[in-house]
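These notes concern the structure reproduced below.
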Amino acid sequence: MTPLKNDRFLRALQRQPVDMTPVWMMRQAGRYLPEYRETRNRAGDFLTLCQTPELACEVTLQPLARFPLDAAILFSDILTIPDAMGLGLYFSEGEGPCFEKPVRTKASINNLCVPDPNEALRYVMDAVSLIRRELDGQVPLIGFSGSPWTLATYMVEGGTTKTFSHVKGLMFEQPQTMHTLLDTLAQAVTAYLNAQIAAGAQAVMIFDTWGGVLTTRDYLDFSLHYMQQIVENLTREYDGQPVPVILFTKDGNEWLENIAATGCDAVGLDWKLPIGTARARIGDKVALQGNMDPCVLYASKERIRDEVATILASFGGGNGHIFNLGHGIHPQVDPEHVGAFIEAVHTLSRAYHAPI
């Protein structure tokens, strides 16, 4: 593979010195870019876009053509695994993802099988290989998956939810059945991420979007336990290079110490906790990724720069910070504001790093 021209993202994940704080954005390839919307229209629908490696590669690279980002992230969806399990994923306009066959019984859960990622999810691996080749060493490529709890939430609910009544009802009434589902998903996520690494992903991230809806007891038992199981079974070195892993639980600030203790390399932060506070709690154990409120990007370029300065000052000097939003970028954001954000991170962060 081509040597990396810009490795500051990977260096920061390993808490090594960098010349400036690296930056990328969750959902950086997405609807805020007019070129993405054009490609999406050509694809015809979102699933076709995800399942066509050439198109997934095209949209993955689009933000890098506009902005000096320090990493690319695979364009895909977190629900590829349950779709490969035969649940019939589809997207309903205005409603988000839905499943034709939600799983809500012990029998339906026991019938689930771990999909072979190199067969049922071959299109993802082909996209990873193609993106890695087209990047040509420009920046590292991040692979990803949803967490077992987050995947289970969609699979049991049959789509998006505000109450989590079906999935929590199953968890409370039939905890062993829920553990069976989560263990199957942990095996599937492990195989899926390891296949992405073999195909060319240089770091991986696990998105635990819905872990924050749980109590501490249930988060530790039904979410974090299975993320730790995945971390322990991931390929952590490939082709002679470390493969760092990032864990991100939205609304998970209460459990930062527990997340850091899983053996991950970095903890992703939402925007609700000052990053300096998070660093004081766990920053000597892991790198930190975050954590600007995505809605700041609706503000003026001057206000964006001020917020970047505040977060950099909160983290302070030293290594182990990857700048990101506290969640995904919103579709209505002006791309020029994104450019101002990235420029501010790179410019202002140099003062916090010694020349290398």
Side-chain angles (χ1 to χ4, degrees), residues 1-5 9-10 24 26-31 33 35-65 69 71-91 97 113-146 151 185 187-207 230 233-241 243-246:
M1 288 287 187
T2 306
L4 275 172
K5 303 176 181 72
F9 168 72
L10 295 179
W24 69 281
M26 290 184 274
R27 295 186 190 148
Q28 67 189 21
R31 288 177 289 170
L33 291 176
E35 54 267 42
Y36 168 86
R37 295 194 295 271
E38 190 277 328
T39 305
R40 163 71 173 74
N41 288 337
R42 277 196 286 118
D45 61 79
F46 179 73
L47 272 180
T48 300
L49 183 57
C50 291
Q51 294 173 353
T52 307
E54 293 77 14
L55 296 179
C57 177
E58 182 178 322
V59 295
T60 297
L61 299 179
Q62 284 171 348
L64 297 171
L69 293 153
I73 184 165
L74 164 70
F75 181 82
S76 188
D77 191 80
I78 64 168
L79 299 179
T80 51
I81 287 175
D83 184 45
M85 290 176 161
L87 302 193
L89 175 65
Y90 67 97
F91 286 83
C113 295
V114 175
D116 183 339
N118 288 308
E119 292 185 6
L121 293 162
R122 182 73 252 168
Y123 65 90
V124 177
M125 306 314 141
D126 288 344
V128 170
S129 297
L130 180 58
I131 295 163
R132 180 72 188 275
R133 184 168 71 247
E134 292 299 312
L135 280 170
D136 193 31
Q138 180 182 347
V139 293
L141 174 61
I142 306 166
F144 73 91
S145 174
L151 298 181
L185 287 168
Q187 294 178 52
V189 170
T190 302
Y192 183 53
L193 291 177
N194 281 339
Q196 290 185 37
I197 292 166
Q202 292 152 287
V204 293
M205 182 165 172
I206 299 173
F207 287 89
I230 294 164
N233 289 284
L234 283 178
T235 301
R236 302 298 290 273
E237 181 177 312
Y238 192 81
D239 199 24
Q241 299 298 318
V243 181
V245 56
I246 308 163

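- Side-chain atoms of Q196 never come within 3.5 Å of backbone atoms of A201 as a donor-acceptor pair (strictly under, hydrogens ignored).
- Nearest heavy atoms, A56 versus I131: O-CD1, 4.3 Å.
- I142 CD1 to L10 CG: the interatomic distance, rounded to the nearest 0.5 Å, is 8.5 Å.
- Contact check for M26 versus F207: side-chain heavy atoms found under the 4.5 Å cut-off.
- With hydrogens and angles ignored, the 3.5 Å screen pairs a side-chain donor or acceptor of S129 with a backbone N or O of A199.
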Apply side chain to side chain contact (heavy atoms under 4.5 Å, CB included) to residues I246 and V204 and explain how you reach the verdict.
CA-CA 6 Å; I246 308 163; V204 293; over 6 Å; no
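- Counted by atom type alone, E134 and T60 present zero donor-acceptor pairs between their side chains at under 3.5 Å.
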What pairs of donor and acceptor atoms, side-chain ones from residues 115-125 against any protein atom, are under 3.5 angstrom apart with sequence neighbours left out?
{"from": "D116", "atom 1": "OD1", "to": "N118", "atom 2": "N", "distance (Å)": "2.9"}
{"from": "N118", "atom 1": "OD1", "to": "R122", "atom 2": "NH1", "distance (Å)": "3.3"}
{"from": "R122", "atom 1": "NE", "to": "D126", "atom 2": "OD1", "distance (Å)": "3.0"}
{"from": "R122", "atom 1": "NH2", "to": "D126", "atom 2": "OD1", "distance (Å)": "3.4"}

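- Contact of the F75 side chain with the L49 side chain is registered, since non-hydrogen atoms from C-beta on lie closer than 4.5 Å.
- L64 and A72 make their closest contact through CD1-CB, 3.6 Å (heavy atoms, listed as atom of the first residue, atom of the second, distance).
- One side chain, D136 or T2, offers a donor N or O that lies under 3.5 Å from an acceptor on the other.
- Pairing each heavy atom of P97 with each of L79, the nearest pair is CB-CD1, 3.4 Å.
- Using a 4.5 Å cut-off on side-chain heavy atoms (C-beta onward), V243 and E237 make no contact.
- Residue pairs meeting the salt bridge (Lys or Arg N to Asp or Glu O under 4.0 Å) criterion with at least one partner in residues 47-64, sequence neighbours excluded, are R42-E58.
- For the atom pair OG1 (T235) and CG (L193), the distance works out to 9.5 Å, reported to the nearest 0.5 Å.
- Side chain of T52 to main chain of T48: a donor-acceptor pair is present (N/O by atom type, distance under 3.5 Å, no hydrogens or angles).
- Summarising the local packing, CZ of R31 is surrounded by 12 or fewer heavy atoms from other residues, nucleotides or ligands at distances under 6.0 Å.
- For F91, the CZ atom counts as densely surrounded, since its 6.0 Å shell holds more than 12 non-hydrogen atoms of other residues, nucleotides or ligands.
- Distance check: C57 SG to L130 CG gives 4.0 Å after rounding to the nearest 0.5 Å.
- Once rounded to the nearest 0.5 Å, the distance linking CG of L61 with CD of E35 reads 11.5 Å.
- Residue pairs satisfying the side chain to side chain donor-acceptor pair (under 3.5 Å) criterion with at least one member in residues 72-85, sequence neighbours excluded, are listed as follows: T80-Y192.
- Between I197 and V128 there is no side-chain heavy-atom pair separated by less than 4.5 Å.
- The closest donor-acceptor contact from the side chain of D45 to the backbone of Y90 lies at 3.5 Å or more, if one exists at all.
- To the nearest 0.5 Å, the span separating CG on N233 from OG1 on T190 amounts to 5.5 Å.
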Could you go through T39 and Q62, starting from their C-alpha distance and side-chain angles, then the distance that decides it, and tell me whether this counts as side chain to side chain contact (heavy atoms under 4.5 Å, CB included)?
CA-CA 10 Å; T39 305; Q62 284 171 348; 2.9 Å; yes
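- Taking all atoms of both residues into account, the shortest heavy-atom contact from P82 to L151 is CD-CD2, 4.3 Å.
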Step by step, would you call L69 with Q28 a side chain to side chain contact (heavy atoms under 4.5 Å, CB included)?
CA-CA 9 Å; L69 293 153; Q28 67 189 21; 3.7 Å; yes
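- The CD1 atom of I73 sits 8.5 Å away from the CG atom of L141 when rounded to the nearest 0.5 Å.
- Taking all atoms of both residues into account, the shortest heavy-atom contact from I78 to S145 is CG2-C, 4.5 Å.
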Between N194 and L234, is the side chain to side chain contact (heavy atoms under 4.5 Å, CB included) condition met? List the steps.
CA-CA 6 Å; N194 281 339; L234 283 178; 3.6 Å; yes
